[in-house]
J.: 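Have a look at this one.
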Amino acid sequence: MRSVKTKIHLAASRLHKWFALIVGLQVLIWMTSGLVMSVLPIEVVRGEHLVNRTGHEVLGKVQGVRPLEDVVAAAQGPVEAVTFRIQGGRLTAEVTGGGKSALVDPYTANRLPPIGKDAAAAIALRSWKGTANPSVAVEQVEGTSPEFRGPLPAWRVTLDGSTHVYVGADTGQVRAVRTDTWRIYDFLWGLHIMDWKEHDNFNNVWLVSFAASGLLFALTGFMLLIMRFPLKLRRRRSAI
């Protein structure tokens, strides 16, 4: 008749094998994707070697700027922040409030129209640090996607064939840069968190289930290690 310890040993062994079968492939995917993502420099993933998001335009002496209260009033809504920046060699004011942004001409205190197609291409080209004279294609972004989840409306400027520079139509800001390296990283991230469609849900049922199964796999393996190690040690002592 089997002892309680033997029964526990056999049950742990069976559970360990089943958990190995269930989570083994996903653990391999976790390790592989984690390794590759940790090796890829985050600056390269973000495309910082190709696009300068911060801008480098220089503005001379500023004269004739309207008072701040006039600029704020031009927003025609709640205002949380006003940011002055240079765009196309001209000073502009970005007024943010209520989850929306608008550009205001600080010299006239008039709202500026949304950034158009040609202006978006010019902004992307000014920020470009890649090859000289890249090919340029511009499309309006109709909706969010795994590649771009920023505020709309926006423009997608494709430079040099595969680099996508997303420019906000409301502010002219470079919202995102997507390269082939980013797409590889994003694909691996989707595999890593087991959200194969949107690549952003870190709390999905698949990830929680496999993580719990992986924990049980480790616990049953640790239990088997404890139970088997003294047995081998006793066998060695009896052979002496």
Side-chain angles (χ1 to χ4, degrees), residues 28-60 81 83-94 96 101 103 112 114-202 207:
L28 179 62
I29 292 174
W30 282 337
M31 296 300 102
T32 304
S33 59
L35 174 63
V36 176
M37 288 190 295
S38 64
V39 169
L40 291 174
I42 193 62
E43 297 82 6
V44 176
V45 174
R46 293 172 178 166
E48 294 178 6
H49 63 301
L50 294 175
V51 176
N52 178 12
R53 299 194 194 194
T54 59
H56 47 73
E57 296 183 72
V58 178
L59 184 68
T83 305
F84 291 90
R85 59 171 50 90
I86 306 167
Q87 191 175 101
R90 182 179 177 85
L91 184 68
T92 59
E94 179 185 336
T96 305
S101 299
L103 288 181
L112 295 172
I115 301 297
K117 181 178 180 179
D118 293 339
I123 291 170
L125 284 171
R126 282 198 299 270
S127 64
W128 179 247
K129 299 192 297 184
T131 57
N133 301 317
S135 58
V136 182
V138 185
E139 299 176 81
Q140 188 170 15
V141 180
E142 302 292 342
T144 59
S145 66
E147 184 168 293
F148 180 71
R149 299 185 179 89
L152 298 174
W155 297 95
R156 180 174 62 224
V157 184
T158 303
L159 299 176
D160 211 21
S162 61
T163 300
H164 292 168
V165 180
Y166 289 88
V167 178
D170 52 351
T171 65
Q173 286 270 74
V174 175
R175 298 290 190 185
V177 179
R178 303 297 185 236
T179 64
D180 288 336
T181 303
W182 182 91
R183 296 180 188 101
I184 293 172
Y185 187 97
D186 186 60
F187 173 74
L188 293 174
W189 174 247
L191 294 179
H192 198 75
I193 66 172
M194 302 186 74
D195 181 6
W196 305 286
K197 185 178 180 181
E198 298 298 329
H199 302 178
D200 70 340
N201 185 4
F202 196 78
L207 182 61

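Just so you know, residue 1 is the first one in the sequence shown, and it goes up from there. All heavy atoms count here, side chains included; hydrogens, waters and symmetry mates do not.
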J.: Do Met194 and Trp30 come within less than 4.5 Å of each other through their side chains, counting heavy atoms only?
T.: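 Contact flag for Met194/Trp30 side chains = yes.
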J.: Among all residues two or more places apart in sequence or in another chain, which pass the side chain to side chain contact (heavy atoms under 4.5 Å, CB included) test with Ser162?
T.: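 Ser162: side chain to side chain contact (heavy atoms under 4.5 Å, CB included) contacts with Asp180, Arg183.
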J.: Under 30°, 30 to 60°, or over 60°: which ring-plane class applies to Trp189 and His192, parallel, tilted or perpendicular?
T.: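 The arrangement is parallel - the two ring planes meet at less than 30°.
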J.: Flag the pair Thr83 / Thr96 as yes when at least one side-chain heavy-atom distance between them is below 4.5 Å, and no otherwise.
T.: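 No, too far: nothing below the 4.5 Å cut-off.
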J.: Out of curiosity, Thr181 OG1 to Glu43 CD, how far, rounded to the nearest 0.5 Å?
T.: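 Result: 12.5 Å between the selected atoms.
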J.: Test: side-chain hydrogen bond (donor to acceptor under 3.5 Å, both in side chains). Region: residues 193-202. Which pairs qualify, not counting sequence neighbours?
T.: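 Those involving residues 193-202 are Asp186-His199.
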J.: Atom CZ of Arg178 and atom CZ of Phe148: how far apart are they, to the nearest 0.5 Å?
T.: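 Reported to 0.5 Å precision, the distance equals 8.0 Å.
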J.: Compare every heavy atom of Gly150 with every heavy atom of Thr144, then report the nearest pair and how far apart it is.
T.: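 Distance-wise, the nearest heavy atoms are CG2-O, 4.0 Å.
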J.: Evaluate the criterion side-chain contact (heavy atoms from CB on, under 4.5 Å) for residue pair Ile123 and Trp155; output intermediate values, then yes/no.
T.: CA-CA 11 Å; Ile123 291 170; Trp155 297 95; over 6 Å; no
J.: For the CD1 atom of Ile29 and the CG atom of Leu191, what is their distance to the nearest 0.5 Å?
T.: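 Result: 6.0 Å between the selected atoms.
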J.: Compare all side-chain heavy atoms of Thr163 with those of Trp182 and state whether any distance is below 4.5 angstrom.
T.: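 In short, these two side chains do not touch, never coming nearer than 4.5 Å.
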J.: If you apply the rule side-chain contact (heavy atoms from CB on, under 4.5 Å), what do you find for Arg46 with Val177, and how did you get there?
T.: CA-CA 6 Å; Arg46 293 172 178 166; Val177 179; over 6 Å; no
J.: State, yes or no, whether a side-chain contact exists between Ser135 and Thr158 at a heavy-atom distance under 4.5 Å.
T.: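 Of all side-chain heavy-atom pairs linking Thr158 with Ser135, none is under 4.5 Å.
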J.: Identify the residue among His164, Lys117, Arg156 that makes a side-chain hydrogen bond (donor to acceptor under 3.5 Å, both in side chains) with Glu139.
T.: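 Single side-chain hydrogen bond (donor to acceptor under 3.5 Å, both in side chains) partner of Glu139 among His164, Lys117, Arg156: Arg156.
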J.: Can you name the closest pair of heavy atoms from Ser127 and Val174 and give their distance?
T.: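 In terms of heavy atoms, the two residues are closest at OG-CG2, 4.2 Å.
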J.: To the nearest 0.5 Å, tell me how far Glu94 CD sits from Gln173 CD.
T.: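 That separation rounds to 5.5 Å.
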J.: Rounded to the nearest 0.5 Å, how far does OG1 of Thr171 lie from CD1 of Ile115?
T.: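 The OG1 atom of Thr171 is 7.5 Å from CD1 of Ile115, to the nearest 0.5 Å.
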J.: Minimum heavy-atom separation for Gly143 and Leu152, please, with both atom names.
T.: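 Looking at all heavy atoms of both residues, the closest pair is CA-CD1, 3.6 Å.
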J.: Which value, rounded to the nearest 0.5 Å, describes the distance between Leu159 atom CG and Thr179 atom OG1?
T.: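 The distance works out to 12.0 Å.
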J.: If you compare all heavy atoms of Val157 against all heavy atoms of Ala120, which two are closest, and at what distance to 0.1 Å?
T.: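 Minimum heavy-atom contact is CG2-O, 3.7 Å.
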J.: Show your reasoning for whether side-chain contact (heavy atoms from CB on, under 4.5 Å) applies to Glu147 and Val141.
T.: CA-CA 11 Å; Glu147 184 168 293; Val141 180; over 6 Å; no
J.: Determine whether Trp128 and Leu50 make a side-chain contact, defined as any pair of heavy atoms from C-beta on separated by less than 4.5 Å.
T.: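 The answer is yes; the side chains approach within 4.5 Å.
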